[in-house]
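This report concerns only the one structure given below.
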Amino acid sequence: MSDRWYKKAVVYCLDIDTFADANGDGIGDIRGLIGRLDYLARLGVTCLWLNPIHPSPDRDDGYDVADFYNVDPRFGTLGDFAELLHQANSLGIKVVIDLVVNHTSDQHPWFQSARSSPDSPYRNWYVWSESAPADRHQGMVFPGEQGETWSYDRTAKAWYYHRFYKFQPDLNIKNPQVRDEIKRICAFWIQLGVAGFRMDAVPFIIEETEPGNPDSPKDLDFLTDLRQYLQWRRGDVVLLAEANVEPDQLVKFFGDAGGSNSRIHMLFDFMLNTKLMLALARQDPEPIIEALRETPKLPAGGQWATFLRNHDEVDLSRLTADQRAQAFEVFGPSPEMQLYGRGIRRRLAPMLGNDRRWIELAYSLQFSLRGTPVLRYGEEIGMGDDLALEGRDAIRTPMQWSHLDHGGFTSGTPVRPVIAEGEFGYHRVNVTEQRHDPKSLLSWFERMIRTLREAPEIGAGTCTHIDVPVPEGVLVHRADDVTGTMLFLHNLCTKDAVVDLSSVYSEAESPNDVLADREYPDLGKFAEVPVAGHGYRWIRLRRCS
Ligand code: NOJ
Ligand code: CA
């Protein structure tokens, strides 16, 4: 059995400032999170990914860091953070933090020093150009919110590069001092006890930016170097990276030409995310089958991290224009639901019309397909979004714990309004209510996650589409490892179906449904296996002792 923890992990992603407020100032904090660790343990998650925790002017929800060696005082102290690590550890939960080192905040003392004089020891920590670079209106990540990637700084009397917002100057990876500092930052947090890092914007971190060259070279070997360094500090440290690049580029982020997993352990599977969305919109599994077929083979040790929703918009940019239009039509038809011309700023429950069966189907798909599942806070109770808020804030509203004021998130004035009205308001959607109801979405998530943890084949094994004739809308796949085999049926459309799976019957040893949308009749010889409209079945086919 694989002993790599990240292959069997269930990752839960949260932003401290909107999770739970302990001191009543309206901002979620570390002590609030500590108080909810029991909840997370019961849910069955084994690893937390915390969105940025550092001091920050907070103009990009913490992704604009002003000090890499501290926690935002609004969240607590380093002492509170060490306590969080201790308490989480005693419940068997690992903690991964965001590592945002492509850029800093423009308020970071390094940038303040760098801009103040060409002789500053930090000048060369950033990327400068004496003249206006010809490519300054190219490569923007946030079209509409960001006009350019090079801005003129009057104090510095030079242009500086920023792949993201203007207040996020890029660090200069060509500078060995910057490379050393990134390692030092990681080493510091490892020393405190974090289990790894969610590396932000990796393709941009390794970009050796040349003014005027919109396609500057990338130094992937920095990732090898960083991995080696970290692995020595903590053997089971994990790098989970955001690298939304062309599919043919992906493998390089996992390892170098030697074919081993010498760089990033886990990459978010953006391609599967997009194809899953398209498949759900079309009620047709073909895009998922295509994704499984086209996914590059990973070096041993490499792993996908799957997700349906995260703290950003659903990015549909890798679909064709027609496919994108189709996904928009079903999931984000009005302009206020869309963002940057490529994405949807909604949570999953509202995207799926708050249809409980459809939501279960979608998460059953994500959690049963290959890789390590990542779940965003609030999705387990089916939270909604607040389109009255700006941009991505729509999907960053506080966690809804109970019927109490502000959904029990705070006794003060919340940092962002808690959703109070309508079908997603906290009176109707909250943890306490769902805790009491064995039929709630929360109870379903607990059951589903527990089942996943009994099926290590999913995370550690091989995922294959079973190519047999099936009724429209049905996906059949399997997960195999030395521990055994799991078989999965998902019906993406609303019509009930019956599938002939006699071809796999010979492999079955006391097969049984370990999770399903309802009670199904005995499997017999697999000649007629029913799966209801929007239904799913997780069947343990055999177990190797
Ligand atoms: C990617 C993060 O997911 C996003 O939220 C952030 O705005 C950018 N990186 C910039 O750090
Ligand atoms: Ca607080």
Side-chain angles (χ1 to χ4, degrees), residues 13-36 49-54 56-66 68 71-77 80-81 84 96-106 108 139-146 149 161-171 197-205 207 240-245 267-268 270 273 305 307 309-315 317 339-340 342-343 345 374 376 390-396 398-399 406 408-416:
C13 157
L14 69 95
D15 208 333
I16 289 181
D17 68 354
T18 47
F19 198 61
D21 173 27
N23 67 356
D25 68 353
I27 303 168
D29 44 47
I30 298 171
R31 282 186 36 228
L33 170 56
I34 292 175
R36 300 295 178 169
W49 151 31
L50 305 180
N51 292 130
I53 59 170
H54 308 300
S56 161
D58 216 20
R59 296 180 68 190
D60 182 15
D61 217 15
Y63 284 90
D64 44 337
V65 176
F68 291 100
V71 296
D72 192 319
R74 300 176 316 146
F75 300 164
T77 63
D80 294 330
F81 188 73
L84 167 70
V96 163
I97 60 168
D98 239 298
L99 176 71
V100 192
V101 290
N102 172 67
H103 46 266
T104 68
S105 159
D106 59 0
H108 196 294
M140 280 86 70
V141 176
F142 302 126
E145 292 180 7
Q146 181 192 2
T149 48
Y161 180 65
H162 52 92
R163 173 59 78 165
F164 296 95
Y165 295 110
K166 189 176 173 164
F167 53 82
Q168 290 167 320
D170 273 43
L171 285 163
F197 303 93
R198 180 267 186 192
M199 276 182 87
D200 190 61
V202 172
F204 303 132
I205 295 179
E207 182 184 66
L240 162 61
E242 182 201 34
N244 192 354
V245 295
L267 287 185
F268 286 108
F270 279 95
N273 173 264
F307 63 102
R309 292 301 295 109
N310 61 17
H311 62 293
D312 291 328
E313 78 286 0
V314 180
D315 182 355
S317 57
L339 198 60
Y340 312 133
R342 63 168 182 245
R345 56 182 203 119
V374 181
R376 170 106 172 121
E390 290 253 309
R392 291 167 293 166
D393 283 357
I395 47 172
R396 297 172 175 179
M399 181 68 176
H406 306 302
F409 160 70
T410 180
S411 56
T413 307
V415 58
R416 235 169 254 140

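Start at 1 and go down the list; that is how both ligands and their atoms are numbered.
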Review point. Applying a 4.0 Å heavy-atom criterion (strictly less than), which segment of Glu313 is in contact with ligand 1: side chain, backbone, both, or neither?
Key: neither
Review point. Would one find an N or O of Gln168, backbone or side chain, under 3.5 Å from an N or O of ligand 1?
Key: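 No.
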Atoms of ligand 1, numbered as shown, that sit under 4.0 Å from any heavy atom of [X]:
X      : value
Arg198 : 3 (O)
Glu242 : 1 (C), 3 (O)
Arg396 : 5 (O)
Phe142 : 7 (O)

Exercise for review: Give a yes or no on whether a salt bridge exists between Asp312 and Arg392, defined as a side-chain N under 4.0 angstrom from a carboxylate O.
Suggested key: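 Here Asp312 pairs with Arg392 in a salt bridge, since their nearest N and O are under 4.0 Å apart.
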Exercise for review: Using a strict cut-off of less than 4.0 Å between a Lys/Arg side-chain nitrogen and an Asp/Glu carboxylate oxygen, indicate whether Asp61 and Arg396 qualify as a salt bridge.
Suggested key: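 Salt bridge between Asp61 and Arg396, a charged N being under 4.0 Å from a carboxylate O: yes.
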Point to revise | Sphere of radius 3.0 Å around the Ca ion (ligand 2) - protein N, O or S atoms inside | key: Asp21 OD1, Asn23 OD1, Asp25 OD1, Ile27 O, Asp29 OD2
Point to revise | Backbone of Arg74 reached by a side-chain donor or acceptor of Asp72 within 3.5 Å | key: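 Looks like yes, one N/O pair under 3.5 Å.
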**Study point:** Residue list, salt bridge (Lys or Arg N to Asp or Glu O under 4.0 Å) with Arg59, at least two apart or on another chain
**Key:**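 In terms of salt bridge (Lys or Arg N to Asp or Glu O under 4.0 Å), with neighbours along the sequence ignored, Arg59 is linked to no residue.
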Check your understanding: Do Phe204 and Phe164 have ring centroids that are under 6.0 Å from one another?
Key -> yes
